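Before any comments, here is the structure.
Small disclaimer: the values here were computed from a predicted structure and weren't measured.
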Amino acid sequence: MFDYVWLIPLFPAIGFLINGFFGRRYDKKIVGWVACSALGLSFLTSILIFFEMIGRPPTQRVFEKVLFDWVVSGSFQTVIGYQIDPLSILMALVVSGVSFFIHIYSVGYMHDDPGYPRYFTYLNLFVFMMLNLILANNFLLMFVGWEGVGLCSYLLIGFWFEKDSAANAGKKAFVVNRVGDFGFILGMFLLFTSLGKHGIWTLDFTEVFANARLLDPGTVTAITILFFVGACGKSAQIPLYVWLPDAMEGPTPVSSLIHAATMVTAGVYMIARCNVLYSMAPISLAIVAIVGVATAIYTASIGFCQNDIKKVLAYSTISQLGYMFLGVGVGAYSAGIFHLMTHAFFKGLLFLGAGSVMHALSGELDMRKMGALRKKIPFTFWTFFIATLAIAGVPGLSGFFSKDEILWQAFSSSHGHFLLWLVAAVAAGMTAFYMFRALFMTFFGESRVDEHAAHHIHESPKIMTVPLMILAVLSVIGGYVGVPHVLGGANHVHEFLAPVLGGGAEPAKAHAGISLISQAWASGGESGGHAAALELFMMAVSVVIALIGIGIAYLFYVKNPALPKLLAEKQKGLYKLVFNKYYIDELYEILFVNSLKQLGVGLWRGFDDFVIDGTVNGIAYLFGWISSVMRRMQTGMVQNYAFSMIIGGVILVGYYIVRAIFY
Amino acid sequence: MVIPSVPPVLYLILSGILFTIGVIGALTRRNAIVVFMCIEMMLNAVNLTFITVSRFLQSMDGVLFAFFVMAVAAAEAAVGLAIFVMVYRSRETVNVDEINLLKW
Amino acid sequence: MVENIGTIFQWLIFLGVAFTSIIASFLVITRKNPIHSALFLVLTFLCVAVLYLLLYSQFIAIIQVVVYAGAIVMLIVFVIMLLDLEEELRSGLKLLYSKVIGIALAVLFLFGLIYSVAAKSLTGKIGTYTPEKMSANVKAVGEVLFTQYLFPFEIVSVLLVAAIVGAVILSKKRT
């Protein structure tokens with residue numbers, strides 16, 4: 001079955017082609033069937049490959065399938081090839097599975113949209129590109145997928161392109177992504193040339209990582225920092241996160257798929273894939289962790305004051321991505337990937353639930369105009385509630401296990417630090433607060449819904465609620481594959497990913513790390529006991545912080561709804577600052593956008609108009625001028641013509657005389 | 001003492017002078033008939049060259065050539081003067097400065 | 001001494017006729033009245049005919065007088081008479097400039113010509129027609145014309161027919 005790994009990206013590609021060329025000609029139902037079945041088959045193939053993989057011993061779980069040669073240029077050769085190993089198959093499962101459910105949801109959500117075939121075309125193209133990114137066996141193919149998901153993100157964000165705000169948001173996403181991609185490209189170039197100095201001309205993962213130890217730490221630091229710049233762009237970290245909140249202009253399933261579950265996680269995947277390089281450069285790991293945790297707390301604070309439900313979820317996504325980067329930044333690559341997986345479940349669910357609420361309220365986004373929807377749209381409410389519990393880190397659900405793993409690693413790993421844990425824990429509390437704020441504002445309290453919308457409140461159709469329920473189930477049980485040792489579990493995720501990601505924080509020790517802790521637990525020895533007790537203690541601290549956040553949210557939005565307004569009045573300046581997202585967008589506009597625009601205008605006027613057009617027009621004018629001068633030779637007067645003949649005669653005679661004299 | 005006979009170079013110089021005078025006339029005069037006369041003068045000068053060279057190289061080719069040039073000059077005179085008459089009929093003038101439609 | 005008399009006469013006639021032709025041609029181009037120009041042209045042609053005689057080409061000399069001085073100039077005089085041309089007016093300063101430039105160029109041309117003929121002597125293959133043979137000019141011309149140059153001869157006759165037809169058609173009045 002491993003041989004057929006190329007089927008996984010192929011099905012969405014076929015779906016894209018069929019819907020792209022013929023989508024408009026036939027019935028909407030067929031478009032939906034084609035798109036969903038493409039994803040379904042892709043998901044099925046991933047599952048089959050996954051089961052075959054766990055049937056094999058851990059050392060035999062890496063497989064490369066080369067499709068054909070792509071670049072053959074001297075000693076540099078790249079292929080189109082797909083690599084199956086635990087990391088890529090896990091990502092493929094997550095991507096194809098969540099995409100499949102979201103496709104089904106979209107059939108219901110986008111039912112009345114005139115751009116229905118175009119939507120599914122783009123969506124299938126996106127999944128194709130994402131799968132290419134994940135399954136690629138070399139940097140170039142991964143970059144193709146990287147750029148491709150950026151393109152599809154632009155196409156889908158600006159899906160309703162007649163709206164100015166949507167078109168602008170699409171452009172913003174693409175341009176900011178491009179800035180990140182530039183860093184990625186530079187990183188690739190640097191990697192290529194540095195390895196080339198040792199005579200190894202390759203961009204294949206296996207070869208690069210096998211020969212990485214030949215590079216000196218300074219070069220590796222530079223390469224990894226450049227890759228991280230690319231990850232910042234794609235995964236919306238500081239300073240390139242500004243496109244993600246604007247990306248909410250796109251349809252809600254798009255926000256769910258691209259900006260929650262899959263595309264934005266590409267950066268985390270990339271860092272996890274390059275863990276060999278990152279482990280060689282502790283400075284860049286520190287940078288990754290610090291940027292991650294700073295983003296986490298910064299965007300969590302912005303989430304406090306947003307009133308648009310999708311914007312709250314967008315900032316929450318950026319914040320959770322910060323957590324994932326924190327995880328990989330302290331060397332806990334598997335913890336980061338684990339959180340990626342659970343986040344795909346509950347954040348995807350949150351977005352789909354928000355879409356369901358919007359569907360019920362005929363497109364209302366503002367949470368100030370919602371309320372008391374709990375009884376009216378029960379399915380949506382219960383699934384949303386489960387997802388919010390998961391993201392807040394309430395024990396028992398998936399988010400708890402993954403988030404806690406990250407927090408523990410932030411504290412205890414060799415690259416971690418107490419401060420990182422502290423900031424992350426505070427951010428966790430803030431997460432709990434604003435997510436429950438969103439929940440309470442939407443579903444509890446008094447109904448503030450508009451008259452007109454209130455009449456049409458209805459539960460979403462089955463085709464939308466069934467994916468919600470499936471994702472809710474996954475949000476609950478998805479965490480149990482990664483239960484840490486201290487709680488008696490076996491952290492299957494960590495073990496599963498170990499051949500690719502190393503043992504975690506201490507790569508030199510690989511498997512030994514896990515066995516150390518489990519031995520310590522079993523023996524109950526001094527250090528082992530301390531470590532376990534400390535971990536349990538920190539777990540309890542984070543749970544308490546989460547519960548405090550939930551409690552404050554309950555107080556503010558259910559018990560005493562007037563309280564938030566009072567607080568806003570008292571701290572007007574601070575409120576304004578946070579409400580306007582710290583004016584970062586305006587700052588970027590002044591710093592970068594305006595200056596680049598001026599440059600563009602200057603070049604246009606000065607160079608394009610003046611130099612290039614001037615040259616071209618000038619040449620034409622020159623010819624016109626020359627001819628207007630030459631025209632005067634044609635006077636029509638015969639004697640002038642005779643005159644020119646005489647001149648010719650003189651020249652001829654002169655020539656022969658000169659020739660006779662001098663030769 | 002034998003005085004040498006007239007060397008050919010003198011004839012050729014004379015022919016050149018006649019030709020030049022014809023050129024000056026063709027460029028300078030404004031009456032079309034006079035221009036035509038100067039052209040005939042130029043042809044004459046060339047004929048003189050031909051005959052000279054033919055005599056001093058002891059060949060008849062130059063003589064024949066001059067003969068043909070004369071025939072052509074006669075034909076040209078006939079047709080050219082007919083054209084002048086026509087032009088005068090339509091334009092009332094034979095001033096070459098005023099017959100200037102052969103242009104852009 | 002006796003043989004010198006021939007050459008002395010030759011020189012005398014040559015110089016006289018040469019100067020006469022130069023002066024006459026100069027007068028052709030400077031006279032205002034076109035009839036005067038035509039008359040001086042006749043003089044030029046006659047001088048050139050004498051020069052032909054000096055060069056042992058009697059036939060061409062006679063043809064020159066008959067065709068050029070007789071027919072062509074007569075045509076010209078007739079046309080001048082028909083067209084009732086007036087004298088040329090004096091030209092302005094601008095035209096004077098262009099005339100000066102033209103004259104300068106032509107003189108330059110003349111210098112070039114003089115240099116090129118004076119620098120080297122006459123080169124070329126010496127043919128078979130010695131001056132004595134050339135003296136029987138009509139016979140010599142006939143010999144070559146109707147054997148070697150028959151084809152151009154016929155072509156010239158066609159040309160003359162074309163010229164006649166053209167002249168007749170051109171001068172017809174449009175009805």
(message) Can you give me the closest heavy-atom contact between Leu160(C) and Ala75(B), atom names plus distance?
(response) CD2-CB, 4.0 Å

(request) Side chain from CB out, backbone as N, CA, C, O: work out which of these in Phe78(C) comes under 4.5 Å of a heavy atom of chain B, or both, or neither. (result) neither

(request) Go through the side-chain N and O atoms of Ser25(C) and Thr44(C) and say whether any donor and acceptor fall under 3.5 Å apart. (result) no

(message) Could you tell me if the side chain of Phe19(B) sits less than 4.5 Å from the side chain of Leu48(B), heavy atoms only?
(response) no

(message) Quick check on Tyr11(B) against chain C: is it the side chain, the backbone, both or neither that has a heavy atom closer than 4.5 Å?
(response) both

(request) Sort out for me which of Ile80(C), Leu15(C), Ile22(C) touches chain B most, counting heavy-atom pairs under 4.5 Å. (result) Ile22(C)

(message) Counting heavy-atom pairs closer than 4.5 Å to chain B, which one of Pro131(C), Ala71(C), Gly166(C) comes out on top?
(response) Pro131(C)

(request) Look only at the side chain of Ser21(C) and the backbone of Ala18(C), and say whether a donor-acceptor pair between them is shorter than 3.5 Å. (result) yes

(request) Side chain from CB out, backbone as N, CA, C, O: work out which of these in Val72(B) comes under 4.5 Å of a heavy atom of chain C, or both, or neither. (result) both

(request) Could you check which of Ile76(C), Ile103(C), Val48(C) has the highest count of heavy-atom pairs closer than 4.5 Å to chain B? (result) Ile76(C)

(request) Grab the two heavy atoms, one from Phe68(B) and one from Pro152(C), that are nearest each other, plus how far apart they are. (result) CZ-CB, 3.7 Å

(request) Could you look at Met86(B) and say if it's the side chain, the backbone, both or neither that has a heavy atom under 4.5 Å from chain C? (result) side chain

(message) Below 30° counts as parallel, above 60° as perpendicular, anything between as tilted: where do the rings of Phe153(C) and Phe146(C) land?
(response) perpendicular

(message) Quick check for you: among Leu145(C), Ile114(C), Val28(C), Leu159(C), which has the greatest number of heavy-atom pairs under 4.5 Å with chain B?
(response) Leu145(C)

(message) Shorter than 4.5 Å, heavy atoms on both sides: which option in Thr7(C), Val67(C), Leu55(C) has the most such pairs with chain B?
(response) Leu55(C)

(request) Counting only heavy atoms closer than 4.5 Å, note whether Leu64(B) contacts chain C via side chain, backbone, both or neither. (result) side chain

(message) Between Leu105(C), Leu113(C), Val156(C), Ile8(C), who has the most heavy-atom pairs with chain B when the cutoff is under 4.5 Å?
(response) Val156(C)

(request) Compare all side-chain heavy atoms of Trp11(C) with those of Leu10(B) and state whether any distance is below 4.5 angstrom. (result) yes

(request) With a 4.5 Å heavy-atom cut-off (strictly below), which parts of residues 35-43 of chain C touch chain B? List them by number. (result) Ser37(C), Ala38(C), Leu41(C)

(request) Please test Phe67(B) against Val141(C) for side-chain contact (heavy atoms from CB on, under 4.5 Å), starting from the C-alpha separation and ending with a verdict. (result) CA-CA 9 Å; Phe67(B) 179 75; Val141(C) 169; 5.5 Å; no

(request) Check whether any side-chain N or O of Ser15(B) sits under 3.5 Å from a backbone N or O of Val46(B) as a donor-acceptor pair, and report yes or no. (result) no

(request) Tell me, for Ile21(B) versus chain C, whether the close heavy atoms (under 4.5 Å) come from the side chain, the backbone, both or neither. (result) both

(request) Grab the two heavy atoms, one from Asn47(B) and one from Ala66(B), that are nearest each other, plus how far apart they are. (result) OD1-CA, 3.5 Å

(message) Which atoms of Ser157(C) are under 4.5 Å from chain B, going by heavy atoms: the side chain, the backbone, both sets, or neither?
(response) neither

(message) So Tyr149(C) and Asp61(B), do their side chains get closer than 4.5 Å, heavy atoms only?
(response) yes

(message) Less than 4.5 Å to any heavy atom of chain B: does that hold for the side chain of Ile169(C), its backbone, both, or neither?
(response) neither

(message) Let's test your reading of the structure: which of Leu43(B), Val9(B), Leu81(B) forms the most heavy-atom pairs below 4.5 Å with chain C?
(response) Leu81(B)

(message) Does any backbone or side-chain atom of Ile17(B) lie under 4.5 Å from a heavy atom of chain C? Answer side chain, backbone, both or neither.
(response) both

(request) Check Val65(C) against Ala49(C) and note the closest heavy-atom contact, atom names and distance. (result) CG2-CB, 3.7 Å

(request) Tell me, out of Val35(B), Asn44(B), Val53(B), Val94(B), who's got the most heavy-atom pairs with chain C below 4.5 Å. (result) Asn44(B)

(request) Check whether Ala26(B) gets within reach of chain C through its side chain, its backbone, both or neither, counting any heavy atom under 4.5 Å. (result) neither

(request) Mind checking the CD1-CD spacing from Ile72(C) to Glu76(B)? Nearest 0.5 Å is all I need. (result) 8.0 Å

(request) Sequence neighbours left out, what pairs pass ring-ring contact (aromatic ring centres under 6.0 Å, His included) with at least one residue falling in residues 20-57 of chain B? (result) Phe50(B)-Phe65(B)

(request) Check whether Thr93(B) gets within reach of chain C through its side chain, its backbone, both or neither, counting any heavy atom under 4.5 Å. (result) neither

(request) Let me see the working for Arg55(B) and Leu54(C) under side-chain contact (heavy atoms from CB on, under 4.5 Å), right down to the final yes or no. (result) CA-CA 10 Å; Arg55(B) 147 79 175 99; Leu54(C) 279 175; over 6 Å; no

(message) Only pairs of heavy atoms separated by less than 4.5 Å count here; which of Ile83(B), Asn95(B), Asp97(B), Leu18(B) has the most with chain C?
(response) Leu18(B)

(message) Report which part of Gln64(C) has an atom under 4.5 Å of a heavy atom belonging to chain B: side chain, backbone, both, or neither.
(response) both

(message) Working to the nearest 0.5 angstrom, can you tell me the gap between Tyr97(C) OH and Lys99(C) NZ?
(response) 14.5 Å

(request) For residues Arg29(B) and Ile29(C), report the shortest heavy-atom separation together with the two atoms involved. (result) NH1-O, 3.0 Å

(message) Tell me which of these, Thr20(B), Ile24(B), Thr52(B), Val23(B), has more heavy-atom pairs under 4.5 Å with chain C than the rest.
(response) Thr20(B)

(request) Using non-hydrogen atoms and a 4.5 Å limit, figure out which bit of Lys172(C) sits close to chain B: side chain, backbone, both or neither. (result) backbone

